[in-house]
Amino acid sequence: MQRLKYWQAISQGLVQCMERDPAVIITGIGVDDFKGIFGTTRAAFERFGAARVIDIPNCENAFAGIAIGAAAMGKRPVVVHPRNDFMFLAFDQIMNLAAKWKYMYQAKRGVPVVFRGIVGRGWGQGATHSQSLQSVFAHFPGLHVAVPASPADAKGLLVAALREDTPAVLLENRALYELEGDVPEEPVPIPFGKARIVREGTDVTIVGASLMAYEAARAADLLAEHGISAEVIDPRSLRPLDTGTILESLRKTGRLIVADTSWAMYGFSAEVAALAAEHGHACLKAPVRRVTPLDCPAPVSRPLEEAFHPTPMTIVRACLDVLELTATTSRALADVQARFPGPY
Amino acid sequence: MQRLKYWQAISQGLVQCMERDPAVIITGIGVDDFKGIFGTTRAAFERFGAARVIDIPNCENAFAGIAIGAAAMGKRPVVVHPRNDFMFLAFDQIMNLAAKWKYMYQAKRGVPVVFRGIVGRGWGQGATHSQSLQSVFAHFPGLHVAVPASPADAKGLLVAALREDTPAVLLENRALYELEGDVPEEPVPIPFGKARIVREGTDVTIVGASLMAYEAARAADLLAEHGISAEVIDPRSLRPLDTGTILESLRKTGRLIVADTSWAMYGFSAEVAALAAEHGHACLKAPVRRVTPLDCPAPVSRPLEEAFHPTPMTIVRACLDVLELTATTSRALADVQARFPGPY
Amino acid sequence: MSEVQESHSGAVVPRAAERPGVPECELLRAMLRIRCVEETLADLYAEQEMRTPTHFSIGQEAVAVGVCAALRRADVIYSGHRCHAHYLAKGGSLLGMVGELYGREIGTARGRGGSVHLAQPEVGVIASSAILGQTLAVAVGSAWAFAMDHAPRIAVAFFGDGAVEEGIFHESLNFAALHRVPVLFVCENNLYSTHSGLAVRQPAGRSIYERVGAYGITTEHVDGNDVLAVRQAASRAADHCRSGKGPYFLECATYRWREHVGPLWDYDRGYRTKEEVEQWMARCPIKRLTEHCLARGLCTPADVEAWRQEFRREVDAAVATARRSPFPRPEAILEGTY
Amino acid sequence: MSEVQESHSGAVVPRAAERPGVPECELLRAMLRIRCVEETLADLYAEQEMRTPTHFSIGQEAVAVGVCAALRRADVIYSGHRCHAHYLAKGGSLLGMVGELYGREIGTARGRGGSVHLAQPEVGVIASSAILGQTLAVAVGSAWAFAMDHAPRIAVAFFGDGAVEEGIFHESLNFAALHRVPVLFVCENNLYSTHSGLAVRQPAGRSIYERVGAYGITTEHVDGNDVLAVRQAASRAADHCRSGKGPYFLECATYRWREHVGPLWDYDRGYRTKEEVEQWMARCPIKRLTEHCLARGLCTPADVEAWRQEFRREVDAAVATARRSPFPRPEAILEGTY
Ligand SMILES: Cc1ncc(C[n+]2csc(CCOP(=O)(O)OP(=O)(O)O)c2C)c(N)n1
Ligand SMILES: Cc1ncc(C[n+]2csc(CCOP(=O)(O)OP(=O)(O)O)c2C)c(N)n1
Ligand SMILES: [Mg+2]
Ligand SMILES: [Mg+2]
């Protein structure tokens, strides 16, 4: 196993998939520039050049369709959105065509476009550059939607997406980009719909999506210092959702916290809480708690931004709450953004 | 009280609002034609003419922005989408600008655009013409989102939307258009965030959104024939959501069914079930059940379409299920679509 | 390809759609067949057994037939809500279409897609869709793939004058022109988008093809009711695209006879006049080519009548088969989602 | 309006932005002030106290100043991500802007919006936004409202050459041309969208304004580094719009000196050459107008230096005030959502 950062894992995954499958192309605004989408497309461009790593005009909607049309003719386009927020403009093509293609035409094969969208957590990106849109994408049948939270998953889910015939949306959180972890050297696919048990525990289950899987693990460390054993589950993909793993954990712990980077209302945290209400009712020992951004657009100003995003401490407090404990935690955790390199 | 059909109530509400507020204009593809958006804009056009009931080119995205820009200068545009599905193209303007305007600019006033979207239930409208997008809209802070299910609500919520400074999305279900009910003659606003108790009951709470509020009431009739007392709650608006009324009912009945026209996953039914898991845990006597369309794009073929949409019978079965009863119902209910006038 | 193409129903599909340069009679047969299919379906529509909103192309057949006559089987086409004629002209199975409208398992999308989602990839009908402008970009993408692979194939996007107003039209033109992809844009300008005339939708005094020309795209305006002119223009266009010269834009002036959606006539609904409809009916593309062929002795009135009957039999047989054939099983409802 | 405009900070805002026909020196002062503000902020940016992605307009000041000099206070403007110059030129409060970048309650959006969301409705800066093309349509909508009310006001949309590729550009032009709304489109063509040159984004051999002309919109191309030319063109445009002749499109050739986002220089990053940057710096709009004014004796080098110092003091004061002033209270985080 090699150690790679999150962005390096993506970069490597792209290169390896392009090596093995000549149909894979990388497309998007600025994929070929010196920044190379925070480093993720740079190696591919250096290796395969402009014929397969292709800068595009600013045309989110048409380009989603163009990728679909290329996929229908056998290509496997990766479409990169430096901010997932720009994908609003492409929703029609993604939700109304790509997601429905196989069903609506009863086609032999879906249109395997892989949409990468980056959630711009960090540095006051504000209301239109730091939303997490996973819950919206995951509402629609026909898509695969994943929110990789570790370097290995970032690579593995990408590899899976590039081998399957289902259009996929991969949302990467910018705050995870410098995170380092073990990553298989080979392009081993990680199947959609299989959760990752980040840490085993017995007192409370924390399901954390995207960055919140990482923050939940940090929260679990802190809880462990107080003798509380939290099980942390990273769903990895929201569609399909591995309900089995979540429910199994719930049966063990009887307590559930759901942490997410997208809003609570009609979001991922609602779905997992609903799962508990539907299928975990008998074993639930305490109310479910959701830990999410506050119910307002993302503010820019630092103290507001810090109040807006959930942190390990918010998760810890929610856990203590459902455990009916009032232990005051001994140490505060450094904010995940402390690692973020300014000025931008 | 007058008796009006759902579409007539909307039509009347529009005319009355336009009479009282010269800033109100009605815009959208075909609002001025002989069909007049299933009759809803016809009277307004006849009364106020082309200066205030304005046909537009096919440009969903720009037009949402145009309406926002007009609203910023004091107009109150109603933007009509004959299918809510076309609004995917306008999501950027609706979610990324209208919804965030007041917050992002800390403006004195939001941009009061009222987006009417019609859910095309009926006659094999298929995958891209009969989705219900309420859960997606309601995910975003800054919007008001309502799904009127009765003639009175269709008028009252519209009147409220046209008096408030918050951008609002009103989703109307085509299958409700011929429904008749009591409607106040005057334009009395019905506030967003106040649920309607459609029918009181003690054994089980059915929360039904949009068409499902109507279907839930029909289901409750049937259940009553079997001595089962169902309380039916129509949330009316999904954002804000009247959690108080729902939880109060849940405390009374201890059992919850959530019926919706949008998909279950990450949808309205998830949110209400989550509410139960968070705040109703202590009084829940049985697992929550969700009754929603199946997890696939809407099919066209009649038997599939019938299997796809939830019906009063599906709701009845879910109720019997959580009541652990197996009573076989004596009569089947006519499908809501039986009333639908073909050929289109 | 040059062989005769068997449709699902076993009926002989006119060869017009398959061979560039076929004689005029083949074009006439292809148009007659489409007209016959649509008129028959329009009559049957009132029975309320085809429960799918349906946009008939009656009056606009020359565009579909003329363009597809200039294509090869390996070329692909995309269409919008008004897709019957395109689908049939490219060689789509009649039974597949009729079955689809009747919501049967035998339909080309097994009854899941309906009238606006006709597709049959084997003959190059890749997708139709009811969201305005949606497939414009998809066609560009397919053409781009051909260009990347240096394949001698082209992609065609059929769309109306209404789709032109959508942002995706501009984005698609810009991309196609920039990358010089082999896409043929075919705009069927029938003057209306639903019930709105061009005057309330697009700036006055500017034609669509002129605006497109400003992107540096080769454009041509043609009488869309003259199938020979359409075929000729489309042949030029196809050559242009295939030889690496980039996209081509063909605007075809034509007219929809029936209501926007549904089988009825609607000249009494206020948005257009009976005179206008009649004027355009006088310019019927089928009538025009029939007269052309008769005048030149390429066929006789009896031939034409025989063809009509042939197609009538074909469509009747397809309808009968469709009606006899099973609906999808409700238990199979999720199939194809993934 | 003719009075001198007080900003939040009490500093005198150059009148250039407020009176058509002001002397050249006022234009020079306005540009100098914007340059001074941005250069100061760029220097301070490294301190990492302005935690908001910031797009500097350094080098492009003439467009903002020239256009706003032709506007009235009641006219409204909209901008995109690169909005500082537009905001200041229209009379936006300096302290409101600096406070916003420092994330303080005193900011024009109380610290919620950041650098890309500058707005101050009292002076006609209605909204800026970081989604490409988004405010183009909004400006059209405001202009449409003016037209409906027969108000003698116009709306201006500032945007870059990159926004032109978005579908909303086309939809907005179509609507504006169709309804002849009093909107002035100002395209600052600085040749790049992020790090991509025009050649990889738009068809070769076609200029933007020519394509726009095809919609029937009056267009003009102007040297965007010549503030006098810009003002003149903008005055023509404003007259045109105000007199009911419909939209006007002004393409201004200009150049961004610094990196796309952030305060640094980036000519060594491969996407453009140092020579190119230097050539454009030699065409600095401020240098140009300074030479013009000096040559005509409209001001002296000492005047210019005094202005520089005046503005430097003004911006230093604004920065100092902003830094001293409180952050928003976390408890107030939900305020303004509804
Ligand atoms: C994005 C979108 N907006 C609106 C509609 C509703 N609609 C369906 S067909 C149509 C008219 C299209 O006109 P045109 O493109 O000229 O095609 P025609 O019907 O004339 O063949 C409209 C507005 C739609 N299907 N999709
Ligand atoms: C819809 C959308 N797509 C992409 C981006 C990312 N983006 C921000 S600025 C920019 C370049 C814009 O270029 P241009 O319009 O020429 O303005 P300039 O930066 O040159 O002033 C891009 C691509 C965005 N903000 N919004
Ligand atoms: Mg048309
Ligand atoms: Mg630019």
Side-chain angles (χ1 to χ4, degrees), chain A residues 28-37 42 45 50 54-65 82-83 85-90 92-93 120 122-131 263 293-309 337 340-344, chain D residues 45-54 100-105 107 109-117 129-134 160 162-169 193-196 200-202 259-264 266 269-271 327-338:
Chain A
I29 298 171
V31 290
D32 66 344
D33 74 14
F34 64 91
K35 292 195 172 173
I37 313 291
R42 196 66 209 145
F45 179 69
I54 308 164
D55 191 17
I56 63 165
N58 302 308
C59 54
E60 285 78 4
N61 192 28
F63 196 77
R83 292 289 176 281
D85 317 66
F86 305 156
M87 297 169 83
F88 278 111
L89 291 163
D92 180 65
Q93 290 284 347
W123 266 81
Q125 298 262 334
T128 67
H129 274 54
S130 59
Q131 293 158 98
W263 286 291
L294 298 181
D295 199 42
C296 64
V300 163
S301 179
R302 188 170 192 169
L304 296 183
E305 199 178 29
E306 280 168 3
F308 177 74
H309 294 292
Q337 285 313 99
F340 201 87
Y344 181 58
Chain D
Y45 203 74
E47 292 176 359
Q48 313 215 356
E49 286 196 35
M50 288 174 266
R51 290 171 69 96
T52 167
T54 299
E100 192 59 34
L101 268 72
Y102 276 95
R104 308 299 159 129
E105 190 68 27
R110 302 177 63 208
R112 272 72 168 178
S115 159
V116 295
H117 293 119
S129 97
I131 298 295
L132 277 186
Q134 205 181 45
V164 161
E165 295 142 25
E166 295 284 354
I168 197 167
F169 177 70
S193 173
T194 319
H195 313 115
S196 306
V200 297
R201 299 184 288 116
Q202 295 177 27
E259 58 184 341
H260 166 69
V261 55
L264 307 177
D266 70 354
R269 306 309 296 267
Y271 75 94
F327 279 108
R329 291 171 307 113
E331 312 82 65
I333 188 166
L334 297 179
E335 270 177 23
T337 307
Y338 286 97

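Below, chains carry the letters A, B, ... as their sequence lines are ordered, and counting in each starts from 1.
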Completion exercise
Applying a strict 4.5 Å limit to non-hydrogen atoms, the region of A:F308 in contact with chain D is both

Practice task
Indicate the ring-plane relationship of A:F34 and D:H195, choosing parallel, tilted or perpendicular according to the 30° and 60° boundaries.
Solution key: tilted

Practice task
Sort out for me which of D:E165, D:R104, D:R110 touches chain A most, counting heavy-atom pairs under 4.5 Å.
Solution key: D:E165

Completion exercise
When every non-hydrogen atom of A:I37 is compared with those of A:P82, the smallest separation belongs to CD1-CG, 4.2 Å

Exercise for the section: Would you check if there is a donor-acceptor pair between the side chains of D:E166 and A:N58 at a distance under 3.5 Å? Expected result: no

Practice task
Check whether A:I54 gets within reach of chain D through its side chain, its backbone, both or neither, counting any heavy atom under 4.5 Å.
Solution key: neither

Handout entry: Distance (rounded to the nearest 0.5 Å) between A:W123 CH2 and A:E305 CD
Key = 10.5 Å

Practice task
Would you name the heavy atoms of D:Q134 and D:S129 that are closest together and state the gap between them?
Solution key: OE1-OG, 2.7 Å

Exercise for the section: Could you check which of D:I131, D:L101, D:I168 has the highest count of heavy-atom pairs closer than 4.5 Å to chain A? Expected result: D:I131

Practice task
Taking D:E100 for its side chain and D:G111 for its backbone only, find out whether a donor-acceptor pair lies under 3.5 Å.
Solution key: yes

Completion exercise
So, the part of D:S193 with a heavy atom under 4.5 Å from chain A: the answer is side chain

Fill in the blank from the handout: Bottom line for A:E60: the part with an atom under 4.5 Å from chain D's heavy atoms is both

Fill in the blank from the handout: Highest number of heavy-atom pairs under 4.5 Å with chain D among A:P303, A:A127, A:P297 belongs to A:P303

Exercise for the section: Heavy-atom pairs under 4.5 Å with chain A are the metric here; pick the option from D:A109, D:G270, D:A130, D:A332 that has the most. Expected result: D:A130

Problem - Main-chain N/O of A:Q125 paired to A:S130 side chain as donor or acceptor, under 3.5 Å - result: no

Handout entry: Most contacts with chain D, counted as non-hydrogen pairs under 4.5 angstrom, among A:A307, A:S301, A:G124, A:P299
Key = A:S301

